[in-house]
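In what follows, chains carry the letters A, B, and so on, assigned in the order in which the sequence lines appear, proteins first and then strands, with residues in each chain numbered from 1.
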Amino acid sequence: MKNKLVALLVLALFASFTHANANPYKHKKKRFKQLAYKQGQIGAHVGSAFLFTTNYDEQEYSLFGTLETKKKGFIYSVSGEYAVTHFLAVGGYYFGGISEKVTITDVTNPSNVYGFDHKYMGFGLRPVFHAPIEHAKIDPYAGLNLGMTKIKSTAFGEKNYIEGLEGSKMSFGIYAGANYFFTKNIGAFVEGGYSKLYPLLHVGAAVKF
Amino acid sequence: MKKVALFTTLALALFTFNSCKKEAVPEPGVDIISVSSDYKAVIWKYSATWCPPCGTYGFPAFHDAMANNPNTIVPIHVHPQDAIVDITSPEQTVIHDFFDWSGTPSGGFNADGQDFYPDADTYQAKIDAARAAHATAKVGVGMTHKVEGGKLTIKTKTVFFQDVTAPLNLAVYVVETDVIEDQVTSSGPTLTNAHFGPTFRGSANGAWGTQISTSSVKGTKIDGEYSFTIPSDVRNSANLKVAAIIYRMENGEPVEVVNANLY
């Protein structure tokens, strides 16, 4: 539920910026040479990501004992894009650093402890719609992520007979966010969305050139 | 500037949602089945509260075995009519005859042996041998039970950790734990208010259970549901537990305990 609220909030912010800035600078177009987004530019994001929902079957694992899940690591994400038109860019993304340890304790023999170390990473394509507001600093956008999330699963424990998660799964979803440029080339971004096996919130540095 | 502050505030507020731990704690025997991946050996004790050698030899040997193996055995006390058991179930008679217990105290080990006056070392050797032979459990079983009126409703789940091709039965026994009674001895005073371990009260599905598989692949899960009428000599139905035993069968009799569980 909270993930959907994050997505709705960011989409609302995107919509409000788009609406508020639909035409106000039309008459000032000639005054501003600097635009937050323009055709032909190359953009990139580097930052941290949050709210990644892992997909191991909790009900299945709970069948074998008491379950404890610990997420660890620093989720990092990078993306890049090329502005094909004055509102559409295409690019790609990569994220990694997500680890979790799932520990199962046999309730009838507490010394029988086993489980899995999961590691997740993902990559894919990002078509992005940039709101054509022609603002000097703010660049709201929305788009799709179409890619794959790879899961590495390492079993531990002597009596671990459960199937691990290892493999690749398709990941697709929607997102919206905004860049804010402090200078001509450097700024920050925040982005949220809704997607399976993909971090739902990203923040970090934005660059363009 | 305002917009920078807005973005920063939004990012910081949502940063706190990055949770690092979540925990699910099933309560076994109530509403969550917990299947053990460990192997448990089954040990039996046939003794009576009126039997003096049972108090001197049988009771200490069996309880030493229980204390030395708290999580890796399913111990079952079988009593003829005595201060603890008024009603001998028909399944008990079958089990008694199978192990050919000639007197008290006698012991039984899984489904493949018995001894008269077994000591703690004998029990331990049998337990160790069975666990070594089943170091990798092929099948596991978990159960829940609930007292409803005068009946015990039992649910089981059997999970295959490997492909198994063999006739397997699941026996669902009901035992009463922490029964307190005096036990006479042949040397020394009576053991007053002795705490007896899991005492056999009957079976929900026959002496050797019912067939659950002849061939199953890894990952197969088999659910079962049983009802057991609580006998009148049960002292405290809150102390009733379920001992589930998976037997490999040949010619209608068990030849191996494939795995067992108790709670």
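A donor-acceptor pair shorter than 3.5 Å cannot be found between the side chains of Thr199(B) and Glu176(B). One side chain, Thr153(B) or Glu148(B), offers a donor N or O that lies under 3.5 Å from an acceptor on the other. A donor atom on one side chain and an acceptor atom on the other are found under 3.5 Å apart for Tyr120(A) and Glu100(A).
A cation-pi arrangement, defined by a distance under 6.0 Å to the six-membered ring centre and an angle within 45 degrees of its axis, is present between Lys208(A) and Phe181(A).
Ranked by non-hydrogen atom pairs under 4.5 Å with chain B, the options Thr103(A), Ile104(A), Asp106(A) are led by Asp106(A). By number of non-hydrogen pairs under 4.5 angstrom with chain A, the leading residue of Pro70(B), Ala137(B), Gly142(B) is Ala137(B).
In this structure, chain A has a heavy atom under 4.5 Å from the side chain of Asn261(B), while its backbone stays farther away. Using a 4.5 Å cut-off between heavy atoms, Gln59(A) does not touch chain B at all. Heavy atoms closer than 4.5 Å to chain B are found in the side chain of Glu163(A), but not in its backbone. With a 4.5 angstrom heavy-atom cutoff, Tyr61(A) does not touch chain B via any of its atoms.
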>> Between Thr72(B) and Tyr39(B), is the side-chain hydrogen bond (donor to acceptor under 3.5 Å, both in side chains) condition met? List the steps.
In response: CA-CA 7 Å; Thr72(B) 54; Tyr39(B) 177 85; over 6 Å; no

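Here Phe156(A) and Tyr114(A) keep their ring centres 6.0 angstrom or further from each other.
Salt bridge Asp163(B)/Lys138(B): absent, no basic N to carboxylate O contact under 4.0 Å.
The contact list for residues 208-228 of chain B toward chain A, using heavy atoms and a distance under 4.5 Å, reads Lys218(B), Lys221(B) by residue number.
Arg126(A) approaches Tyr198(A) most closely through the heavy-atom pair NH1-OH, 3.5 Å.
Side-chain atoms of Thr177(B) come within 3.5 Å of backbone atoms of Asn239(B) as a donor-acceptor pair (strictly under, hydrogens ignored).
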